[in-house]
There are 2 protein chains.
Amino acid sequence: MARKSFSEVATELRQLIDDGAFQRFERLPPSRKLAEDMGVARNTLRDAFYQLEKEGLLKTRAGSGTYVTAVEQERVPAAVEDATPLELIDARFALEPHICRLCVLHGRREDFELLEILCQTMEGAVDNPVAFAEADTAFHRALSASTRNNLLIWLIGQINTVRSLDEWTRMRHLTLDEQIIRHYNAQHREVLNALRSREPERAAVKMKEHLETARHSLMRAAEA
Amino acid sequence: MARKSFSEVATELRQLIDDGAFQRFERLPPSRKLAEDMGVARNTLRDAFYQLEKEGLLKTRAGSGTYVTAVEQERVPAAVEDATPLELIDARFALEPHICRLCVLHGRREDFELLEILCQTMEGAVDNPVAFAEADTAFHRALSASTRNNLLIWLIGQINTVRSLDEWTRMRHLTLDEQIIRHYNAQHREVLNALRSREPERAAVKMKEHLETARHSLMRAAEA
DNA sequence: CCTTTTTAATCCAATAATAGTCCAATTTTA
DNA sequence: TAAAATTGGACTATTATTGGATTAAAAAGG
């Protein structure tokens, strides 16, 4: 095997297409020129073409040229890292109400004790937005942990790694005046009460109300 | 024993492969270069190769190179990989009803056309469990795509990579008789109808009913 | 000192990439 | 419409690289 293997060339081309150097439906340079540009024999380039054609990225037409037919799926991290605050809150809208239901089913005494402590911490931080936000995050994390569903816990954890979360919490801090914090605290308390009295649907509804409030204050912050 | 024994070299290589320095199906550097890099004679490296080949980690092809054939690589934490089918369906219970609501909000004409095609495909596959399961997966995937929420799309994608999914689909195939498929088809149709008439809550309810049915047939299969 | 293992230096066989040529399909030009 | 130019496709012989194998020397260990 000499200088550059056809699979290396294929990887290189995949990268170029992924980076947008060649757009969809665009015709690539003639194989002779492209082979020269890539410092590789035309045969090798053809093997790489054949590989990418199998993968459905390219389509070559004799006499005409080789065309890009598809663009690789975006990398996994990018989709998540670049999630907007609105996408993020929609995801929480999907997950957290049902997490409340599961908490009623699987939550243990120590879970409710932890949630109670966090609730009290938040109630004692009406004039300290930073401390409140910290306890708030812990509250929602403890909620997911109480389901004993490792998959859900992991999903919530992934959501919390989203880069835009920084932006989101920053925005939240802007909106976190004493009035809003008292409002949130009342909602957290309602959720916890519903969980304690083992009413899954009421807990879910209260969580939805809470998230709706959060969404509104977020959008108000976005406008400003 | 001289400087570095072949078994030490083998251990070193095993570690490199485990750490992902060499990916699966990747070709290792030429034995001459690799031997030099590891500060060892080519003979010794070859003995290490032979050892790892016996273990099934490597495959050498004369004239071509030495390739990684297997790798114990855990992309996600074990807790997630080992998620049980029940945890999995609970996660879907959390996500999919809300995805229905978002589909009503953000779904486009082409989304509903795709869902319609997939519905018809499933309806034409009442006597073909394999084809049905394939279209079923595509249906739920298309549903998540219609939300235009990249974070949710990614979360659903992650759920679909869970290893236990194999076990789950295998179980499903066991339960997929013609009667169940007809039942699922009716439920899919109800969901699609609710989505089309822009009724988010009804769509969510119908999806919950569908997942409840799936959970029941799954648990019945688990008992057997 | 003797055995074992690693090293070192070759040569060989297998495989892959290269270079060159001609052909067929398509597009462009006259 | 027909000719010319351009493009990818196919094939061959050549060259370079890679692993395989053998041998003898050096090093390590008992």
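The sequence lines fix the lettering, A, B, ..., with proteins before strands; numbering per chain opens at 1.
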Map F6(A) and A62(A) onto DNA chain C by nearest heavy atom, then report which one ends up closer to the 5' terminus.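 Counting from the 5' end, the first nearest nucleotide belongs to F6(A).
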Given [options], the nucleotide with the shortest approach to the side chain of [X]:
X: V40(B); options: dT18(C), dT7(C), dG8(D); value: dT7(C)
X: S31(B); options: dG9(D), dG19(D), dT6(C); value: dG19(D)
X: T60(B); options: dG20(D), dT18(C), dG9(D); value: dG20(D)

How sharply is the helix from dC1(C)-dG30(D) to dA30(C)-dT1(D) bent, taking the axes over five pairs at either end and rounding to 10 degrees?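 One end's axis against the other's: 30°.
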Before you tell me yes or no, could you show the steps for F139(B) and L115(B) under side chain to side chain contact (heavy atoms under 4.5 Å, CB included), namely the whole-Å CA-CA distance, both residues' side-chain angles and the distance that decides it to 0.1 Å? CA-CA 6 Å; F139(B) 182 84; L115(B) 290 170; 3.7 Å; yes
[X] has an atom [atom1]; how far is it from atom [atom2] of [N], in whole Å?
X: L28(A); N: dT6(D); atom1: CG; atom2: C1'; value: 16 Å
X: E8(B); N: dT7(C); atom1: CD; atom2: C1'; value: 15 Å
X: L45(B); N: dT18(D); atom1: CG; atom2: C1'; value: 13 Å
X: Y50(A); N: dC11(D); atom1: OH; atom2: P; value: 14 Å
X: D47(A); N: dG8(D); atom1: CG; atom2: P; value: 15 Å
X: R32(A); N: dG8(D); atom1: CZ; atom2: C1'; value: 7 Å
X: E53(B); N: dG19(D); atom1: CD; atom2: P; value: 12 Å
X: R46(B); N: dG20(D); atom1: CZ; atom2: P; value: 5 Å

Over all atoms of both residues, closest heavy-atom pair of F112(B) and L195(B):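 Heavy atoms only, the tightest pair is CE2-CB, 3.7 Å.
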Between Q187(B) and T213(B), do the side chains contain an N or O donor and an N or O acceptor separated by less than 3.5 Å?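 There is such a pair between these side chains.
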Do H106(B) and N149(B) have side-chain atoms, one donor and one acceptor, less than 3.5 Å apart?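 No - no donor-acceptor pair under 3.5 Å links their side chains.
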Got a donor-acceptor pair under 3.5 Å from the side chain of N43(B) to the base of dT6(C)?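 It does not, because no donor-acceptor pair links the side chain of N43(B) to the base of dT6(C) below 3.5 Å.
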Check: dG9(D) base within 3.5 Å donor-acceptor of R42(A) side chain: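 Present.
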Between H210(B) and H140(B), is the ring centroid distance below 6.0 Å?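 Distance test on ring centres: under 6.0 Å, yes.
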With side chain to side chain contact (heavy atoms under 4.5 Å, CB included) as the test, pick out the partner of S31(A) among T66(A), L45(A), T60(A).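 One option only clears the test, and that one is L45(A).
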Under 3.5 Å, which protein N or O atoms sit close to an N or O of nucleotides 27-30 of chain C? Give each pair with its distance.
residue	atom	partner	partner atom	Å
dT27(C)	OP1	R61(A)	NH2	3.3

Check every strand shown and say whether F49(B) touches a base, only sugar-phosphate, or nothing at a heavy-atom separation below 4.0 Å.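 Since no nucleic acid heavy atom lies under 4.0 Å of F49(B), the category is nothing.
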Can you check whether T66(B) has a side-chain N or O nearer than 4.0 Å to OP1 or OP2 of dT18(D)?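 Checking T66(B) against dT18(D): no side-chain N or O falls below 4.0 Å of OP1 or OP2.
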Heavy-atom neighbours of R141(A) CZ exceed 12 at 6.0 Å: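 No - once you tally the heavy atoms of other residues, nucleotides and ligands closer than 6.0 Å, there are 12 at most.
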Is it true that atom CD of E36(B) has more than 12 heavy atoms of other residues, nucleotides or ligands lying nearer than 6.0 Å?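 Atom CD in E36(B) is not packed in, count stays at 12 or less.
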Ion pair present between E123(B) and R182(B), side-chain N to carboxylate O less than 4.0 angstrom?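 Looking at E123(B) and R182(B), the cut-off is not met.
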Using a strict 4.0 Å threshold on nitrogen-to-oxygen distance, state whether E113(B) and R109(B) make a salt bridge.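 A salt bridge is present here (some side-chain N lies under 4.0 Å from a carboxylate O).
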